[in-house]
Amino acid sequence: KSVQLPPYFLLLQYHSKENFLFHRRSDVLLMTPWFAPIVWEGTYNSEILNEQFRQRNVTVGLTVFAIKKYVAFLNKFLETAETYFMVGHRVNYYIFTDRPEEVPKVPLKEGRNVVVLQVQNYPRWQEISMRRMEMINSFSQQRFINEVSYVVCVDVDMRFNDQVGVEILSDLFGTLHPGFYAAERQSFTYERRPASQAYVPRDEGDFYYAGGFFGGTVMEVYKLTKKCHEAIMMDKAKGIEAIWQEESHLNKYFVYHKPTKILSPEYLWDDNMGRREILKKRRFLAVPKNHAAIRNK
Ligand code: 2GW
Ligand code: MN
């Protein structure tokens with residue numbers, strides 16, 4: 001005896017090999033009020049998406065900064081990226097470093113390149129972190145625009161632990177911070193001092209985004225990094241620094257330039273911050289660091 005199926009069942013079967021009806025998640029928010037999808041495992045079909053992006057022969061740029069002792073994170077970062085990041089697509093790794101000779105030689109698959117960009121070092125770690133905006137901005141104009149379609153900007157003290165593919169790509173995307181995806185607006189750690197350019201009023205803001213994973217088309221990343229860098233410089237001139245450095249400015253930017261896609265905390269996870277049971281996949285994980293030794297303050 002056959003099972004009675006609702007009338008829309010056949011339609012779904014016709015359009016996709018997987019039956020999304022039975023996979024549809026109801027435990028997490030899937031779409032923002034401005035119709036940006038929130039990417040969770042089980043909400044997309046990577047076969048279809050891979051085909052779409054392969055047809056466009058898309059190249060993805062991945063920017064990562066390894067200044068001073070942080071070059072030590074590169075080996076694991078690159079090795080795991082080769083296994084999990086944009087598998088089957090063209091990838092350029094842009095490694096910003098003050099120690100080009102210490103960049104490890106990791107074997108790369110076809111269609112994937114490492115580009116080492118020598119940049120200056122700053123004595124304060126806050127400045128190292130914040131200046132990423134300026135450097136990504138300047139290289140967007142100089143290089144990325146000619147070499148890639150999308151730019152993905154991430155922290156280096158991380159390792160890939162599961163697939164991170166073209167499902168993340170969109171004009172402008174940010175990632176839900178693992179410490180705040182379930183928190184109320186009031187508790188978001190936005191910059192709250194009106195004197196800072198990163199200031200977000202208590203009654204504004206949608207999500208708290210992580211500084212360690214954002215991106216978009218080269219044009220959108222250019223605009224974002226330009227705005228954030230200018231805001232950082234205005235703060236600096238006033239002798240003020242936002243509470244979470246460029247992460248605060250990124251959050252301010254996203255309040256007034258809504259991302260077209262949002263990545264769930266699967267894409268930036270830290271076991272010390274969130275309850276891992278809520279995740280089906282932990283795709284990109286914070287590597288525990290010995291703060292005293294590595295930070296070298
Ligand atoms: C050195 C001392 C203390 C803190 C950072 C650094 C440092 C950072 C460094 O010596 N060399 C370096 O290359 N970095 C780069 O900055 C590196 O790419 C690193 O991933 C990034 C951010 O620093 P990190 O990862 O140590 O800080 P987290 O993990 O606490 O990052 C969050 O908060 C930051 C702002 O305070 C950023 O917004 C970051 O995107 C967030 O994930
Ligand atoms: Mn980090």
Side-chain angles (χ1 to χ4, degrees), residues 61-78 80-81 93-100 102-104 116-137 139 151-161 173-181 188-191 196 198 200 207-215 221 224-225 228-229 231-232 235-236 240-254 263 265 267-274 282-297:
L62 182 63
T63 70
V64 76
F65 286 73
I67 309 288
K68 295 195 280 192
K69 290 189 178 177
Y70 274 52
V71 288
F73 290 109
L74 280 173
N75 196 52
K76 185 85 308 71
F77 178 92
L78 289 169
T80 57
Y93 298 102
Y94 295 103
I95 302 178
F96 294 76
T97 185
D98 58 334
R99 300 180 180 182
E102 288 179 45
V103 173
V116 178
L117 303 170
Q118 185 161 7
V119 294
Q120 78 172 92
N121 162 30
Y122 287 92
R124 291 180 63 244
W125 70 263
Q126 294 90 339
E127 188 102 358
I128 294 176
S129 196
M130 289 190 295
R131 288 284 177 174
R132 292 186 290 177
M133 290 295 184
E134 178 180 34
M135 297 187 210
I136 293 169
N137 182 253
F139 279 90
V151 182
V152 180
C153 309
V154 298
D155 271 15
V156 74
D157 55 342
M158 304 290 297
R159 66 182 167 91
F160 291 87
N161 183 56
F173 60 88
T175 305
L176 301 181
H177 191 291
F180 299 92
Y181 60 86
F188 294 164
T189 53
Y190 294 142
E191 174 56 63
S196 168
V200 177
F207 300 101
Y208 190 77
Y209 302 93
F213 199 142
F214 65 88
V221 169
L224 177 156
T225 51
C228 288
H229 174 59
I232 289 166
D235 275 8
K236 194 184 171 77
I240 191 165
E241 186 174 283
I243 176 166
W244 290 105
Q245 291 78 36
E246 82 301 331
E247 184 175 86
S248 305
H249 292 278
L250 178 73
N251 270 280
K252 168 73 178 267
Y253 188 83
F254 282 153
L263 311 183
Y267 291 88
L268 196 149
W269 189 250
D270 187 333
D271 282 329
N272 296 320
M273 287 187 191
R282 293 178 308 147
R283 303 168 192 270
F284 191 47
L285 291 175
V287 173
K289 50 186 184 259
N290 177 340
H291 287 259
I294 196 86
R295 289 201 157 181
N296 195 23
K297 284 189 192 171

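Whatever order the structure lists ligands and atoms in, that order sets their numbers, starting from 1.
- Geometrically, ligand 1 and Val154 share no nitrogen or oxygen pair separated by less than 3.5 Å.
- Atoms of ligand 1 found under 4.0 Å from any heavy atom of Gly211 (numbered from 1 in listed order, with element): 38 (O), 40 (O).
- Selection from Trp125, Tyr70, Phe213 by nearest heavy atom to atom 9 (C) of ligand 1 gives Tyr70.
- Take Glu247 and apply the side chain to side chain donor-acceptor pair (under 3.5 Å) test, not counting sequence neighbours, and it matches Tyr208.
- Looking only at distances, no side-chain donor or acceptor of Arg131 sits under 3.5 Å from a matching main-chain atom of Ile128.
- Ligand-side atoms of ligand 1 in range of Gly212: 40 (O), 42 (O), range being under 4.0 angstrom from any heavy atom.
- Ligand 1 has a nitrogen or oxygen under 3.5 angstrom from a nitrogen or oxygen of Lys289.
- Of all the atoms in ligand 1, the ones that sit under 4.0 Å from a non-hydrogen atom of Glu247 are 38 (O), 41 (C).
- In this structure, Asp270 contributes its side chain and Asn272 its backbone to a donor-acceptor pair below 3.5 Å.
- Here Asp98 pairs with nothing under the side chain to side chain donor-acceptor pair (under 3.5 Å) rule; sequence neighbours left out.
- In this structure, Tyr267 and Phe213 have perpendicular ring planes: the angle between them is above 60°, well past the 30° mark.
- Electrostatic pairing of Glu246 and Lys252 does not count as a salt bridge here, judged by no charged N lying under 4.0 Å from a carboxylate O.
- Checking side-chain atoms of Asn161 against main-chain N and O of Phe284 turns up no donor-acceptor pair under 3.5 Å.
- If you number the atoms of ligand 1 from 1 as listed, the ones under 4.0 Å from a heavy atom of Phe65 come out as 13 (O), 17 (C), 18 (O).
- For Glu241 and Arg124, the salt-bridge test passes: some basic side-chain N is under 4.0 Å from an acidic carboxylate O.
- Distance check, rounded to the nearest 0.5 Å: CD of Glu127 to CD of Gln120 gives 8.5 Å.
- Where the criterion is an N or O separation shorter than 3.5 Å, residue side chain and backbone included, Asp155 meets it with respect to ligand 1.
- When ring centroids are compared, Phe96 and Phe139 come within the 6.0 Å threshold.
- Put simply, the side chain of Asn251 gets close to the backbone of Tyr209: a donor and an acceptor are under 3.5 Å apart.
- Considering backbone and side-chain atoms together, Arg132 places an N or O closer than 3.5 Å to an N or O of ligand 1.
- Contact between Ala66 and ligand 1 is present, with at least one heavy atom of the residue lying under 4.0 Å from the ligand.
- At least one N or O atom of Asp157 sits closer than 3.5 Å to an N or O atom of ligand 1.
- The shortest N/O to N/O separation between Ile128 and ligand 1 does not fall below 3.5 Å.
- In this structure, CG on Leu117 lies 10.0 Å from OG1 on Thr97, to the nearest 0.5 angstrom.
- Judged by the shortest distance from any of its heavy atoms, Met130 lies outside the 4.0 Å radius around the atoms of ligand 1.
- Among Asn121, Val64, Ile67, the residue whose heavy atom lies closest to atom 13 (O) of ligand 1 is Ile67.
- Among Leu268, Thr175, Leu176, the one residue that satisfies the side chain to side chain contact (heavy atoms under 4.5 Å, CB included) test with Leu263 is Thr175.
- When Leu268, Ile243, Val156, Val71 are checked for heavy-atom proximity to atom 20 (O) of ligand 1, Val156 turns out nearest.
- Atoms of ligand 1 found under 4.0 Å from any heavy atom of Ser129 (numbered from 1 in listed order, with element): 22 (C), 34 (C), 35 (C), 37 (C).
- Ordered by chain and number, Asp155 OD2, Asp157 OD1, Asp157 OD2 make up the set of protein N, O or S atoms under 2.8 Å of the Mn ion (ligand 2).
- For Val287, the side-chain contact (heavy atoms from CB on, under 4.5 Å) partners two or more places apart in sequence, or in a different chain, are Phe73, Arg159.
- Taking 4.0 Å as the cut-off, Lys69 does not count as a neighbour of ligand 1 on heavy-atom distance.
- Residues Met130 and Ile232 have side chains in contact (heavy-atom distance under 4.5 Å, counting atoms from C-beta outward).
- Those atoms of ligand 1 that come under 4.0 Å of a heavy atom in Gln245, given as number and element, are 35 (C), 36 (O).
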